[in-house]
Number of protein chains: 2
Amino acid sequence: MDAEAIKRSLEGSGLRCTPQRYAVMAFLMENNSHPTAAEIFEAVNQVDPRSSRATTYNNLRDLVKAGLVREVAVEGRAARFDAKGMRHHHFICDRCGNVEDIEWYDVPRPASGSLDKRILRECEVIFRGLCAKCAPRHASR
Amino acid sequence: MDAEAIKRSLEGSGLRCTPQRYAVMAFLMENNSHPTAAEIFEAVNQVDPRSSRATTYNNLRDLVKAGLVREVAVEGRAARFDAKGMRHHHFICDRCGNVEDIEWYDVPRPASGSLDKRILRECEVIFRGLCAKCAPRHASR
DNA sequence: ATATAACATTAGATATAGTCTAAATTACTT
DNA sequence: AAGTAATTTAGACTATATCTAATGTTATAT
Ligand SMILES: [Mn+2]
Ligand SMILES: [Mn+2]
Ligand SMILES: [Zn+2]
Ligand SMILES: [Zn+2]
């Protein structure tokens with residue numbers, strides 16, 4: 001995706017296209033590795049302009065609030081982030097905590113009775129188990 | 001559930017039934033409110049014997065490892081815990097972060113191609129939106 | 001029963017993740 | 001160009017969780 005498209009998507013969400021914010025968004029769009037805030041901070045500071053830690057966190061929060069970025073909470077580890085491109089589910093490794101994309105498919109909604117007075121926004125599936133890297137080690141333990 | 005049953009389930013997992021560990025397990029079994037570690041710590045210290053903060057965390061970790069307790073990570077908030085009784089899914093409120101149980105139903109597995117070399121242990125669904133308490137406030141905003 | 005080893009608890013220090021503050025700067029509007 | 005609201009920043013601060021190492025407890029072996 002080109003720079004103009006990123007700029008437009010930021011502005012379409014009412015966010016100014018600052019160099020720091022652009023860098024976060026661009027990094028997430030070219031990396032489907034679900035980096036942590038610390039990793040993103042480090043990555044965007046490899047190149048000018050520099051971005052402070054607070055700004056990295058601020059921008060991640062703004063981007064999540066704007067719906068451009070998704071935050072994935074992982075038990076006992078730092079949150080991870082990805083740009084919301086195509087819809088997809090996530091696989092989280094029991095052992096290393098890595099988050100990986102799984103092709104999207106529709107999830108049957110719960111019976112409306114069990115939702116009660118709640119307002120449902122989305123159903124996401126979290127797959128758990130061992131990632132391709134950890135699966136072999138497990139077998140030989 | 002009675003005390004003996006808790007004792008047996010702990011010992012069945014190779015864990016000694018200490019007063020502190022028992023207190024954590026018993027509290028989780030009679031509370032389906034998905035408390036945080038801090039809330040559990042406070043609750044088990046309302047009654048003797050007292051349990052330290054480190055012990056509460058240690059025991060929660062042991063119980064999760066033993067498969068008796070589930071840890072639920074919530075974006076931007078402290079982890080929450082529940083005793084693994086009947087299988088169920090979770091609803092997480094966008095606004096207040098509360099975790100609520102949703103009746104279990106089977107989730108279709110992903111195409112085996114998209115799982116690749118991963119070993120799948122479970123598929124859980126996370127429902128998101130507004131809980132019954134937060135839904136009205138949202139409408140009138 | 002006693003010794004021994006394994007398991008568990010504890011207070012407090014430490015680590016990690018993330019937020020807040022308030023001053024300076026920047027991006028957009030007119 | 002000037003005005004203004006959004007953004008950035010360093011570093012202090014908070015929240016959450018883990019670690020350390022000394023002490024206490026329970027289980028097993030003799
Ligand atoms: Mn993803
Ligand atoms: Mn639950
Ligand atoms: Zn892994
Ligand atoms: Zn709520």
Side-chain angles (χ1 to χ4, degrees), chain A residues 3-4 6-25 27 34-45 47-66 68-69 71-81 97 99, chain B residues 6-8 10-27 34-45 47-66 68-81 96-97 99:
Chain A
E4 269 308 311
I6 292 180
K7 184 159 187 274
R8 275 196 305 277
S9 79
L10 292 177
E11 288 169 351
S13 302
L15 296 171
R16 287 185 184 166
C17 184
T18 66
Q20 293 84 355
R21 187 171 285 154
Y22 176 92
V24 168
M25 195 64 204
F27 180 72
H34 307 89
T36 62
E39 288 164 353
I40 295 165
F41 168 67
E42 198 182 7
V44 302
N45 276 294
V47 295
D48 276 335
R50 307 196 87 69
S51 183
S52 77
R53 218 163 53 89
T55 295
T56 304
Y57 275 101
N58 287 345
N59 280 330
L60 283 169
R61 174 194 279 183
D62 294 343
L63 292 168
V64 168
K65 213 182 314 183
L68 297 173
V69 164
E71 176 176 353
V72 184
V74 183
E75 298 73 17
R77 306 185 188 250
R80 293 168 168 280
F81 299 87
V99 176
Chain B
I6 292 180
K7 184 161 186 273
R8 275 197 304 276
L10 291 176
E11 288 170 351
S13 301
L15 296 171
R16 288 183 184 166
C17 182
T18 67
Q20 294 83 355
R21 187 171 286 153
Y22 176 91
V24 169
M25 195 64 204
F27 179 73
H34 307 89
T36 63
E39 288 164 350
I40 295 165
F41 168 67
E42 198 182 7
V44 301
N45 276 297
V47 294
D48 276 336
R50 309 197 91 71
S51 182
S52 78
R53 218 164 50 91
T55 296
T56 304
Y57 276 100
N58 286 345
N59 281 328
L60 283 169
R61 174 193 281 182
D62 294 342
L63 291 168
V64 168
K65 214 182 313 183
L68 297 174
V69 164
R70 168 149 61 156
E71 177 176 353
V72 184
V74 183
E75 299 72 17
R77 306 186 189 248
R80 293 169 168 280
F81 299 87
C96 70
V99 176

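Values below: all heavy atoms of this structure, side chains included; hydrogens, waters and symmetry mates excluded. By convention in this document, chain letters (A, B, ...) are assigned in the order of the sequence lines, proteins followed by strands, and residues within each chain are numbered from 1.
- Distance A:Lys65 NZ to D:dA6 P: 12 Å, rounded to the nearest Å.
- B:Leu15 CG to B:Asn59 CG: the interatomic distance, rounded to the nearest 0.5 Å, is 8.0 Å.
- Once rounded to the nearest 0.5 Å, the distance linking CD of B:Gln20 with OG of B:Ser51 reads 5.0 Å.
- Using a distance-only test at 3.5 Å, with no hydrogens or angles considered, no donor-acceptor pair links the side chain of B:Glu42 to the main chain of B:Glu39.
- Residue A:Arg21 holds its CZ atom at 11.5 Å from CE of A:Met25, rounded to the nearest 0.5 Å.
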If a protein heavy atom is under 4.0 Å from the base, mark B; if only from the sugar-phosphate, S; if neither, -; do that for nucleotides 4-17 of chain C going 5' to 3'. --BBSSBBBB---S
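- Note that CZ of B:Phe81 and CD1 of B:Ile40 are 6.0 Å apart. Values are rounded to the nearest 0.5 Å.
- One distance of note links CG of B:Asn45 with CZ of B:Arg50; it measures 5.0 Å at 0.5 Å rounding.
- Contacts of A:Glu11 with the nucleic acid, taken as non-hydrogen atoms under 4.0 Å apart, involve only primed sugar atoms and P, OP1 or OP2.
- Computed from coordinates, the A:Arg80 CZ to C:dG18 P distance equals 11 Å when rounded to whole Å.
- Distance, B:Glu75 CD to D:dT16 P: 15 Å, rounded to whole Å.
- Between the CD atom of A:Glu39 and the C1' atom of C:dG18 there is a distance of 15 Å, rounded to whole Å.
- Per the geometry, CZ belonging to A:Phe41 stands 13 Å off P belonging to D:dT8, to the nearest Å.
- The interatomic distance linking A:Arg61 (CZ) with C:dC20 (P) rounds to 6 Å, in whole Å.
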